[in-house]
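All values reported here derive from a predicted model rather than from experimental measurement. In what follows, chains carry the letters A, B, and so on, assigned in the order in which the sequence lines appear, proteins first and then strands, with residues in each chain numbered from 1.
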Amino acid sequence: MEIKRMESHRAYYGFAIDQEGQKADEVILLPMKGPRSYTGEDVVEISCHGGPVPVQVILSSVLAAGATMAEPGEFTRRAFLNGRMDLSQAEAVADIIESHSRAGARLALRHLEGELGEQISQLRQEILEVMAGIEVVLDYPEMEIEQTQRGDMIEQLQAMKAIIGQLVDTATFGRPFREGVRTVILGRPNVGKSSLMNALLRRERAIVTDIPGTTRDVVSETIVVGGVPLIVMDTAGIRTDADRIEQLGVERARRAAADADLILLVFDDSEPLQPADEEICRMLTANGPDASVVVVINKIDLRCSEIDEEYVLRLTGNCDGSRRLVRVSAKTREGVDRLAKVVAEVVLHGRLPVAGESIVVTNARHEEILGQSLESLSDAVDGLKEGIPADLVNIDLRRALEQLGRITGETATEDLLDRIFADFCVGK
Amino acid sequence: MYEAGVYDVIVVGAGHAGCEAALAAARLGKDTLLLTLNIDSIAVMPCNPSIGGPGKGHLVSEIDALGGEMGKNIDENFLQLRTLNTGKGPAVQALRAQADKQEYAARMHRVLREQKGLTLKQAMVDQVLVGRHGRVEGVTTKTNLKYLGDAVVLTCGVYLNGRVVTGDYAYDSGPNGLLPARGLSDNLVKHGLTIRRFKTGTPPRLARETIDFSAMQKQEGDRTPRAFSFMSAPNDPEADAGRLRQWSQRPQKPCWLTRTTEQTHETIGNNIDRAPLFDGTIEGVGPRYCPSVETKVMRFPEKDSHPIFLEPEGEDSDEMYVLGLSTSLPEDVQMKLLQTIPGLTDSQITRPGYAIEYDYLDPLDLRSSLESKIIPGLLCAGQINGTSGYEEAAAQGLIAGINATLLADCRQPLTLDRSEAYIGVLIDDLITSGVDEPYRMLTARAEYRLMLRQHNADLRLTERSYEIGLADQERYRRVCRRRELIEQESERLRDTQIRPSEETNQWLRQLGCSTLSQPTSLARLLKRPEISYGDLLQIGMASSLAPIVREEVEVRLKYEGYIEKQTRQIERFRRSEDKKIPDRINYDDIPGLAAEAKEKLKQVDPESIGQAMRIPGVTPADISVLLVWIEK
């Protein structure tokens, strides 16, 4: 049956046929005719079996038939252009799509509901209050209004800076949810890297497959560990078989480690420390990677305890007392839960967003704006301390106000006038 | 209907807007007719006898820089001059003058009479004539005359269907007992313009000899007063000491400060049931920045006293203006109020305070040239656009007069943006946000006010006016000279190094700042907050330059960092201003725009994305949709 003739919003069962006329996969087809679709245009969804091969075959067939790949966010952009949603919704949706985990989605949803907006509006009100106190004296010099003391203004601004600072800090643990944590599992051959990965995978049963060559140059898989999406890079070798790891070489490991946010450094507890182990450790400490390192002692089910933990920790430079070392057995899954917990802790710097409680900044644009407004407020505080005339200090405050307004979409001047006339009795 | 004459430009109303409009058009070579309800009431100040102050003083200097008359006129007729906010930053320092009302009006009348190409007539205009293509053709009067013109400028002020209220007595009148303008409002509505109603008010005037000034605090003018006009001595880059001294020696009159008391507030409270503002008699919206005394007392009950200033109305006048006591309470209550105020206990009212309601036109129907979107060739300026204040009116009048001329000649109208002038801020606010109370200029309205200083208005604007042909040769020569001197002096300060000698360090210690260990330029030294240009005199490093040059050099140096910040903000602002919206855009065709945004955009018809962003009710999301649509 031709898709055109199919009924909208009804699922059809059948087979995807590739360009050579071969059955590629068993699929479910779901046509949705515009405007009753996400984008408002005609949309067809094809659901196939998991795994890269059928996806690849169907995708290339569709592309060969004249389709083009959607760019990131293209569906949302079309929905927006067709009037299906406004910009702030579109932005939050984009966050949901891009967020690799449910925790991320939940944070993005809270943006949608405007919790950040509320906090920002409150901050703006406070800035307006300070500004109005300065302005009213300027525009009504004869009205004997007392200028707020500089010290008080500084105090008030410092308090605001602290709040914005906290918001910016939340972005550091909001970001991993949205963007994922670039992770490398390192170790000499046969320490059990692939089995460790599989153990982590099985634990969460969540896998996102990116098809090589379509979106990224580097082959990677995303696994969710402790609620945090880890983008495990360079897994090609790991996934196929252990022998190929031999070809990986120290140089390649070094490059992978340099790009990583998180390194899981794996040792085999059934064998004494090998020169290759030490070489990897030295490589890591010599390059001083920015990444957090978690030492994983694998194969503890064999109960050999050949690895001297203290020595390894010292070797990896991980001797700051945090002792990020976890003993696991990828085979029996003993200790894997604890590894997940440690990974989450490391990534979130020990702070976990309390479900339903705090506001977390996950949007990169918002993070940037908050950073800028923090700078403007600092300039204002400096100006006040240096004895710069208050009306000039207002240049920085207005900047902060406008910057924050860009998150919530409010304008500056009218707000300020409302504030002046609400707070002060002026006029002839 | 008798055809009484054909002119290039017809100006209706000879208040502060009308005078500037008519003068600008006539000076630009247009055969101009100025019609007024009463030739004896030209450029009157029916409210406070003062001009200038923060924001407003800036406007006056901008009017002057563009070749307008207000600055010169007040500089000739001030009773007192004072720079306000002297302890604050350079952007908000502003000159305020007490005006001699009679002299101010008389001189303006004289200037009008002497202006070539300007005809002044008394008439009540009741119709604007619109031709076949919807263009303005002229006006008619109540006495059945018809005047034809290429452009008509409406500057009717608060006279349109004016109604005055004091207590329970209300009557149709313009301000100060003058005739109200009748008939014109109805005619404008017929043409499709939107009319609304505002309210404003004025305090009682008192007989000077009945006031006890000994119970009040005296407020003198400045010893070395500045000037509004760039043609006056203090603003001359090459002024000699003699002329400056002459200026400073002009006699000034003091103002007086007293305060309301708890008894005043009690009297108001006891009589609030007789206040037209509170019993529903007055429906028009009044200004927040100029509340009546009854409004102040009712809205801020926690304040037990408000300042009251007594200001002279003129050299030849026996009356004093009571700033702070604007009211429409019954006259007997006004008398009782005065009895509770120190120094005024025995004072006699010469004219009672009153509220006045009047019609204004929705300024959202105007383009940035001040031309009506509905009737091409018709321009509106002043309180008819919902503003308040002589300075705001004059500023619009000047721009409308210039643009009536430019449009008649099919030339590009003069528009100033928010980063160029307070006039730009004023007009942009009017045509983009509209008004929901009488609009007064405030420095807080200007986002880039550090760049819009009162005393750099000539540097910002005179060249624009000179290009159009309004600012004359001498004015242009002066601004060029000033610019030259500023640059020379800035260069000298940058290039002159000062060595860390014992003498200099001694001087620095005296000023309370840190000493030098290596050679430093004078420019760097001046950046220190403790050191002013005047201090350089002590070490023989100051030039003998006119204050207007010195001061500009100093401001630019001292506030360089902030000026840079504002410059960057202006660059960002200009990017959205430069994104023009195509002329014939149909907002109904754009999917994704919120219904409210569509309505607002259709009404305002913004010229640029920047302007669209400022329309209340248009969200950033709507702007994104608009941007995508335009670029598609």
With no hydrogens and no angle check, do the side chains of [X] and [Y] hold a donor and an acceptor under 3.5 Å apart?
| X | Y | value |
| --- | --- | --- |
| B:Q566 | B:Q569 | yes |
| A:N394 | A:E135 | yes |
| B:T432 | B:D428 | yes |

Review point. Quick one: what part of A:I134 sits under 4.5 Å from any heavy atom of chain B, side chain, backbone, both or neither?
Key: neither
Point to revise | Pairwise side-chain contact, A:D42 with A:M32, heavy-atom cut-off 4.5 Å (strictly under) | key: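 Side chain of A:D42 against side chain of A:M32, heavy atoms only: no contact under 4.5 Å found.
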Exercise for review: Check whether B:R96 gets within reach of chain A through its side chain, its backbone, both or neither, counting any heavy atom under 4.5 Å.
Suggested key: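 It is neither, since no heavy atom gets under 4.5 Å.
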Review point. At a heavy-atom separation under 4.5 Å, does B:K565 approach chain A through its side chain, its backbone, both, or neither?
Key: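 When you check distances to chain A, only side chain atoms of B:K565 fall under 4.5 Å.
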**Study point:** For B:F573, all residues meeting ring-ring contact (aromatic ring centres under 6.0 Å, His included), sequence neighbours excluded
**Key:** B:Y448
Exercise for review: Select, from B:G53, B:P54, B:G55, the one with the greatest count of heavy-atom pairs under 4.5 Å involving chain A.
Suggested key: B:P54
**Study point:** B:R556: salt bridge (Lys or Arg N to Asp or Glu O under 4.0 Å) partners, not counting sequence neighbours
**Key:** B:E552
Point to revise | Residue list, salt bridge (Lys or Arg N to Asp or Glu O under 4.0 Å) with B:D589, at least two apart or on another chain | key: none
Practice item. Pull out the residues in residues 376-385 of chain A that come under 4.5 Å of chain B, heavy atom to heavy atom, sorted by number. Key: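 From residues 376-385 of chain A, the residues near chain B are A:D379, A:G383.
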**Study point:** Criterion side chain to side chain donor-acceptor pair (under 3.5 Å) on B:T443 and B:H58, from CA distance to verdict
**Key:** CA-CA 9 Å; B:T443 67; B:H58 292 76; over 6 Å; no
